[in-house]
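All values below were derived from every heavy atom in this structure, side-chain atoms included, with hydrogens, water molecules and symmetry-related copies excluded. Bear in mind that the values here come from a model prediction, so they are computed numbers and not experimental data.
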There are 2 protein chains.
Amino acid sequence: MSLQFLKAHTRLRSASGILSNLQRNSALVKTWTCRESKRERETFANKAQLKAFFCTTSHTCSAQSWGSKKPKRSVQLRVATDFIMSNPEIETQLAPLRERVQEQGNLVRELKAKGAPELDVKKAVAELKIRKKVLEEKELALTPSVVSFDRAKMEDLLKRRFFYDQSFAIYGGITGQYDFGPMGCALKSNILALWRQFFSLEEQMLEVDCSILTPEPVLKASGHVERFADLMVKDVKTGECFRLDHLIKQALEKLSAAKDATAELRAECEDIIIKLDGLSKQELADVLAKYNIKSPLTGNDLTPPIEFNLMFATQIGPTGLVKGFLRPETAQGIFVNFKRLLEFNQGKLPFAVAQIGNSFRNEISPRSGLIRVREFTMAEIEHFCDPVHKDHPKFKRVANEKLTLYSACNQMDGKSAQALTIGEAVSSKLVANETLGYYMARIQQFLHAIGIKPECLRFRQHMGNEMAHYACDCWDAEILTSYGWVECVGCADRSAYDLGQHTAATGVRLVAEKRLAVPKTVEVTEIVPNKQALGKTFKKEAKAITDALTKLSLDDIKTVETQLAAGGQYKLRLPDGGTHELGTESIAVKHATKTVHVEEFIPSVVEPSFGIGRVMYALLEHSFQCREGDEQRCYFTLPPLVAPYKCSILPLSNNAEFQPYTQQLSSALTKAELSHKVDDSSGSIGRRYARTDEIAIPYGITVDFDTLKEPHTVTLRDRNTMKQVRIGLDVVVSVVKDLATTKLTWAQVLEQYPAFEQQEATK
Amino acid sequence: MSLQFLKAHTRLRSASGILSNLQRNSALVKTWTCRESKRERETFANKAQLKAFFCTTSHTCSAQSWGSKKPKRSVQLRVATDFIMSNPEIETQLAPLRERVQEQGNLVRELKAKGAPELDVKKAVAELKIRKKVLEEKELALTPSVVSFDRAKMEDLLKRRFFYDQSFAIYGGITGQYDFGPMGCALKSNILALWRQFFSLEEQMLEVDCSILTPEPVLKASGHVERFADLMVKDVKTGECFRLDHLIKQALEKLSAAKDATAELRAECEDIIIKLDGLSKQELADVLAKYNIKSPLTGNDLTPPIEFNLMFATQIGPTGLVKGFLRPETAQGIFVNFKRLLEFNQGKLPFAVAQIGNSFRNEISPRSGLIRVREFTMAEIEHFCDPVHKDHPKFKRVANEKLTLYSACNQMDGKSAQALTIGEAVSSKLVANETLGYYMARIQQFLHAIGIKPECLRFRQHMGNEMAHYACDCWDAEILTSYGWVECVGCADRSAYDLGQHTAATGVRLVAEKRLAVPKTVEVTEIVPNKQALGKTFKKEAKAITDALTKLSLDDIKTVETQLAAGGQYKLRLPDGGTHELGTESIAVKHATKTVHVEEFIPSVVEPSFGIGRVMYALLEHSFQCREGDEQRCYFTLPPLVAPYKCSILPLSNNAEFQPYTQQLSSALTKAELSHKVDDSSGSIGRRYARTDEIAIPYGITVDFDTLKEPHTVTLRDRNTMKQVRIGLDVVVSVVKDLATTKLTWAQVLEQYPAFEQQEATK
């Protein structure tokens with residue numbers, strides 16, 4: 001994951017930010033939630049159109065979300081970009097905002113074009129971002145809700161059935177750390193297993209597993225020691241820390257919510273809150289001073305803003321002298337092993353390396369559940385290729401994949417995202433090259449396969465100004481959740497940046513070679529040491545001197561030549577800081593020509609980087625449902641491929657005669673490598689179905705009295721539709737296997753086996 | 001993993017220790033290595049017997065290890081317990097050593113029986129351990145080598161083909177940290193996948209995934225903050241640290257190796273080296289002083305011994321106030337979640353929880369390659385059960401599994417390990433209970449399945465004195481490697497220790513309930529607070545007071561009752577240190593009887609704990625081989641189940657006509673989820689076979705000119721035997737799939753398809 005992407009995490013618009021804006025705009029919002037009467041809903045112009053669009057994807061438009069009765073606590077809106085683009089009524093409202101963005105975008109372009117001072121450009125960009133934000137929030141606010149979503153209810157279920165929960169809760173818990181219980185852990189494992197199959201195996205990637213503890217020099221070279229930091233302030237008396245931007249936002253919101261706040265003050269506060277992201281350290285300090293902001297907990301004074309590095313520091317070994325960090329991303333482990341990996345690949349490019357593992361970020365004030373945590377699993381790919389050949393042999397296989405692309409240009413022009421095939425995007429140069437495009441399409445295919453809703457996925461291109469200096473092009477896969485659009489997968493062309501940095505830091509050339517079509521003759525200028533003379537004069541140091549000589553650049557050598565020619569001495573600096581004067585008695589500069597057949601170059605890197613926790617959280621939101629007419633019966637429509645358990649076995653009652661069948665089924669499922677849960681607890685069958693639905697078990701086998709008769713049969717139930725069929729005991733396991741591996745659909749099962757309707761009624 | 005097991009890791013006899021002993025004893029050693037002439041080999045008494053024994057397992061007795069010619073650098077001996085036990089010649093030599101152990105064992109028993117002072121027992125135990133060590137090293141020295149093993153050669157191959165290598169090598173590397181390259185990572189993934197299937201899925205365990213960063217109070221409760229430490233000394237000038245026992249050993253070895261060393265001094269040094277493990281901090285300090293030991297690097301003075309905690313410390317959050325550690329084992333994450341897990345299991349016992357993840361140990365001076373590292377993957381199981389019902393429903397399925405058991409009793413008596421079925425071991429009470437026995441058998445089955453040699457696996461029982469105070473019974477699965485017997489899997493009955501500790505530390509009762517056969521009437525004595533009076537008198541503090549009252553023990557309540565009855569006041573201490581005096585106006589003691597239907601208890605825990613890196617290292621040693629007559633052609637006989645790649649695809653040459661077949665095969669293998677490597681590089685087919693053998697690819701498909709003709713066929717080659725068959729292009733992938741999943745053996749393939757003998761000759 002790029003530093004830039006990590007930083008972007010920390011910039012993520014907070015949930016409360018979006019929600020509070022939504023609340024502010026509530027007069028304008030047309031939501032199709034349960035609270036509103038049918039008449040209100042009808043006022044919405046394009047219901048038919050909306051339905052037609054959303055019904056193309058499953059689970060999005062299921063009937064119950066239109067008809068439930070109880071009020072929701074945190075109704076959240078889901079956007080469908082295509083819908084917005086085609087809805088004239090909404091467009092009319094957005095038009096002036098789009099114009100304001102475009103106007104500012106043009107100003108930024110103009111300033112850049114005429115080479116205006118950096119400060120001016122920065123200011124213009126900050127304003128551009130603010131206008132974009134206003135547009136985006138309005139867009140979200142105007143979008144009809146597709147599914148009414150109650151986050152508190154989902155979180156309650158996740159906690160109750162221990163998908164995940166705060167770590168060390170019995171010790172009071174630690175914010176930003178989560179333990180995955182059996183269901184969360186299985187879901188995560190299944191997502192990762194599919195990821196391995198989808199990426200590593202399919203592309204024959206080299207998978208590695210590198211150390212978490214990383215010595216400081218590595219992260220200095222990568223830029224993390226210097227730049228991976230957030231601003232914070234401390235309570236001068238208690239030492240309590242606050243993340244500066246969060247603190248200011250909170251304080252100003254409180255100020256403007258006060259009864260005696262003037263309209264002017266309110267506008268001022270709102271303006272600063274919107275601008276927060278773009279303010280400098282000094283500007284933020286000024287805000288603190290102007291509004292006399294104190295510690296929200298004690299009312300004490302606060303320190304000036306301090307840079308706080310987000311990496312966890314520790315000491316490696318007992319001396320206390322080797323400083324190390326817990327890695328903030330897995331990517332560096334791949335870069336430092338580049339030489340070995342290239343060699344493993346027999347020196348050939350391109351090749352891709354994958355790594356799945358934990359990374360760490362010492363957040364000042366973690367929040368937003370799984371979205372911003374201190375310890376998280378990443379799955380990263382570094383695809384190394386020749387910088388001048390970034391085409392991809394399999395690109396044509398994905399060329400027709402349609403993506404929702406939110407280009408930098410459209411962002412600057414105040415336009416919406418647009419749907420394009422990746423083939424069109426690459427051929428029009430919107431996406432920089434085939435390799436980047438290939439991975440974007442594959443990322444989308446993967447996210448769809450695990451159950452992310454297509455209409456809630458977009459690729460947002462980083463704008464020129466927000467791109468790290470090393471990235472040629474970068475697109476974030478953003479998923480819409482109740483926290484807004486969340487960056488879940490970064491996909492960046494990092495060019496040769498990292499390999500270059502580590503080469504510079506270590507002197508180990510992290511390069512590849514390619515054969516030249518035509519051998520070429522090059523002039524070589526090199527320093528030839530007189531080893532005998534050096535040895536005599538410098539004894540033990542001679543080796544360090546010859547080593548240092550080999551590292552001189554061409555410019556250095558030219559300096560040496562000039563100085564020697566003038567009869568002078570060259571002052572050589574050693575890595576340990578010492579210097580030595582060398583004259584013609586010990587060194588000479590030689591010119592020669594050489595025929596070279598190969599050329600060295602630093603490969604380019606294209607990097608897809610998955611935040612697994614974020615993807616998983618988005619997936620849980622997208623698959624959360626409640627049964628029509630029974631709001632208390634909630635469940636997850638996780639696809640069988642990633643569902644924690646594939647199947648449940650439920651004996652109708654605790655009748656002892658059922659037991660052998662239950663055991664036989666369990667053994668057969670184990671043998672078929674199908675994770676499953678036997679629920680032989682008391683409780684009606686309906687209640688037990690509901691319990692298995694809660695943990696997303698897609699299929700349920702029920703052993704009942706008919707099972708005892710020959711031919712032995714059981715019922716097989718589908719979680720999403722609650723439909724059941726009667727099916728032979730001898731075939732049910734292989735049918736479940738085929739369903740779980742998507743070789744068979746439930747619709748096909750319905751066609752092949754007789755329907756069964758009795759048990760669900762017993763609830 | 002238990003604290004005790006972790007500590008045992010740090011006590012592991014070092015490689016050099018064993019090797020130097022072997023070298024000392026070299027006059028006695030009869031090794032069957034290449035160095036020795038045929039005649040020498042014949043002198044060994046029981047060749048036929050030996051062969052008969054070892055040939056029962058594959059790969060152990062392959063012909064080439066008997067006939068190669070070049071000398072080996074580090075010939076290492078492999079023991080076979082059964083062989084030792086049945087070889088009278090060796091037994092004669094060991095008899096006096098066995099007697100010395102037994103004599104001391106009896107002394108220890110005697111001292112314990114008569115309740116001798118602790119110090120006396122400790123001393124006797126230290127002496128016992130020394131005698132055991134002498135016996136064990138002699139045993140190893142006298143055992144014929146089964147396979148001549150060249151560690152340097154294997155390590156060279158592992159590094160060259162990047163199975164694993166030192167982390168951050170381009171930055172100079174960090175000792176005790178390793179990066180797994182593509183082959184190591186795939187091997188590890190495959191072992192873990194099989195582990196999940198073998199344990200989690202088979203036993204329907206609940207798998208969890210908990211945080212690595214752990215706050216201090218959790219590890220205080222578990223005992224790690226206080227006790228998980230090693231002794232070290234520092235160079236007073238440079239601050240360089242040395243692990244004390246390693247340093248003394250090195251210094252004394254140097255002393256006694258000096259030319260002018262007297263026989264007396266040599267004996268003295270050797271005696272101390274053998275005793276090192278048993279010496280106290282003060283005794284070690286005395287040794288330092290007596291021999292005037294200085295820093296081996298600078299000759300500077302050293303500090304007195306310092307306790308150094310082996311956990312990596314860090315701060316969680318920005319304040320610097322929340323101290324945390326990287327977990328030293330994964331087990332604690334499971335214990336602190338016990339309540340949630342029990343609830344997930346609907347309150348029922350027994351159930352088992354599994355976790356796979358990284359743990360960390362800040363070794364003072366890591367060495368022995370993957371055996372002692374700073375960052376390592378563990379796979380742990382915590383099986384929770386009723387302390388009075390430790391039988392296991394599936395025990396009878398494993399009762400006939402034969403294990404090599406090295407009981408505490410045999411260790412004290414100087415006897416060898418013995419082969420017993422686990423059924424016999426449990427029924428004779430040698431192994432404490434069925435659950436422990438069940439897991440031991442399953443551990444063995446798992447280790448055999450991945451390719452650990454049966455004759456190099458034993459279960460060693462912890463002796464009474466070495467067992468942590470909480471463990472009822474503990475057996476380590478030890479695997480014989482060139483580093484000696486290495487603890488790779490711990491299997492302990494931890495009783496109720498951990499849950500009890502966390503209950504005491506947090507006040508959260510980590511207990512289970514069971515229904516009583518007959519409800520019972522119990523007398524209840526409790527404190528009834530007068531809430532109104534407390535509120536009036538103590539205001540805000542009233543809540544803390546009532547909370548503290550509920551936590552009083554029965555003894556405390558009796559004190560309260562006595563004091564109140566005497567008209568006095570009870571002085572209540574609050575957790576924050578404050579005290580309050582309470583009289584009859586605010587509290588009363590009430591007696592009542594209650595009928596209870598359930599009983600609360602703290603469950604017992606049986607814990608199998610796998611050190612995955614160690615298992616993997618042992619497996620690599622056990623599967624390392626060189627081709628007969630060609631010492632440079634080395635390979636690994638890893639079973640297909642865990643081999644990194646399942647198959648290679650090799651076009652005979654770079655003829656363009658082969659390409660479509662190569663691609664078609666690769667796609668088909670990917671679809672069948674078979675990891676594979678296409679090697680279309682130049683180089684003879686024989687050389688490419690050798691390259692694929694090096695990375696343990698069990699099967700190879702070669703596309704040749706016959707492939708182009710109809711019916712299309714390829715050759716399929718077996719790595720271990722180098723035999724090939726001619727097989728249809730249309731069936732080869734499904735045959736490889738069956739071979740890789742052990743549904744088919746190579747012998748069956750040989751029967752079904754015609755042999756093919758051409759290509760290997762082309763090398």
Trainee: Check the surroundings of atom CD in B:Gln346: do more than 12 heavy atoms from other residues, nucleotides or ligands lie under 6.0 Å from it?
Mentor: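 Yes, the 6.0 Å shell around CD holds more than 12 heavy atoms from other groups.
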Trainee: Anything in residues 192-200 of chain A with a heavy-atom distance to chain B below 4.5 Å? Please list those residues in order.
Mentor: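 Against chain B, the residues of residues 192-200 of chain A that fall inside the cut-off (heavy atoms, under 4.5 Å) are A:Arg196, A:Gln197.
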Trainee: What's the shortest heavy-atom distance between A:Thr314 and B:Ala313, and which atoms?
Mentor: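 Result for this residue pair: OG1-O, 2.7 Å.
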Trainee: Would you mind telling me which of A:Phe308, A:Tyr178, A:Tyr645, A:Tyr164 has the largest number of heavy-atom pairs within less than 4.5 Å of chain B?
Mentor: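 Most heavy-atom pairs under 4.5 Å with chain B: A:Phe308.
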Trainee: At a heavy-atom distance under 4.5 Å, which candidate from B:Leu510, B:Thr175, B:Leu326 has the highest pair count against chain A?
Mentor: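 If we count pairs closer than 4.5 Å to chain A, B:Leu326 comes out on top.
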Trainee: If you count heavy-atom pairs within less than 4.5 Å of chain B, which of A:Gly239, A:Ala354, A:Cys210 leads?
Mentor: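 Going by pairs under 4.5 Å, I would pick A:Cys210.
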Trainee: Where on A:Val218 is there a heavy atom nearer than 4.5 Å to chain B: the side chain, the backbone, both, or neither?
Mentor: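 For A:Val218, heavy atoms of backbone and side chain both lie under 4.5 Å from chain B.
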Trainee: Do you know which of A:Phe180, A:Tyr171, A:Phe360 has the most heavy-atom pairs with chain B at a distance under 4.5 angstrom?
Mentor: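 Top count of heavy-atom pairs under 4.5 Å with chain B: A:Tyr171.
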Trainee: Write down the atom of A:Ser675, the atom of B:Leu201, and the distance for their closest heavy-atom approach.
Mentor: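 Between these two residues, the closest heavy atoms are CA-CD1, 3.6 Å.
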Trainee: With a 4.5 angstrom heavy-atom cut-off, could you sort out which part of A:Gln355 is near chain B: side chain, backbone, both or neither?
Mentor: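 No part of it gets close to chain B.
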Trainee: Side chains of A:Ile174 and B:Val322: closer than 4.5 Å at any heavy-atom pair?
Mentor: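 They are in contact (side-chain heavy atoms under 4.5 Å apart), so the answer is yes.
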Trainee: Output yes when a side-chain donor or acceptor of B:Ser211 lies under 3.5 Å from a complementary backbone atom of A:Asp179, and no otherwise.
Mentor: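 No.
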Trainee: Considering only heavy atoms, which portion of A:Lys348 lies under 4.5 Å from any heavy atom of chain B: side chain, backbone, both, or neither?
Mentor: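 Side chain of A:Lys348 only, per the 4.5 Å heavy-atom cut-off to chain B.
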Trainee: Of the backbone (N, CA, C, O) and the side chain (C-beta and beyond), which part of A:Glu207 lies under 4.5 Å from a heavy atom of chain B, both, or neither?
Mentor: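 Backbone plus side chain of A:Glu207, per the 4.5 Å heavy-atom cut-off to chain B.
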Trainee: Tell me, side chain or backbone of A:Glu673 under 4.5 Å from chain B's heavy atoms, or both, or neither?
Mentor: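 Both backbone and side chain of A:Glu673 come within 4.5 Å of chain B.
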Trainee: Taking all heavy atoms of A:Pro318 and all of B:Arg374, pick out the closest pair and write down the distance.
Mentor: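 Residues A:Pro318 and B:Arg374, closest heavy atoms: CD-NH2, 4.2 Å.
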Trainee: Tell me whether B:Asn362 contacts the main-chain N or O of A:Gln315 through its side chain, where contact means a donor paired with an acceptor under 3.5 Å.
Mentor: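 Answer holds: yes.
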Trainee: Between A:Ile364 and chain B, with a heavy-atom cut-off of 4.5 Å, which part of the residue counts as in contact: side chain, backbone, both or neither?
Mentor: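 Both parts, backbone and side chain.
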Trainee: Based on non-hydrogen pairs under 4.5 Å, which of B:Val353, B:Asp679, B:Asn358 is most in contact with chain A?
Mentor: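 Looking at each option in turn, the highest pair count goes to B:Asp679.
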Trainee: Could you pull out the closest heavy-atom pair between A:Ile316 and B:Gln177, with the gap in Å?
Mentor: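 Nearest pair, atom of A:Ile316 first, then B:Gln177: CD1-OE1, 3.9 Å.
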Trainee: Between B:Ile695, B:Val678, B:Leu206, B:Thr506, who has the most heavy-atom pairs with chain A when the cutoff is under 4.5 Å?
Mentor: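 Among B:Ile695, B:Val678, B:Leu206, B:Thr506, the one with the most close pairs to chain A is B:Thr506.
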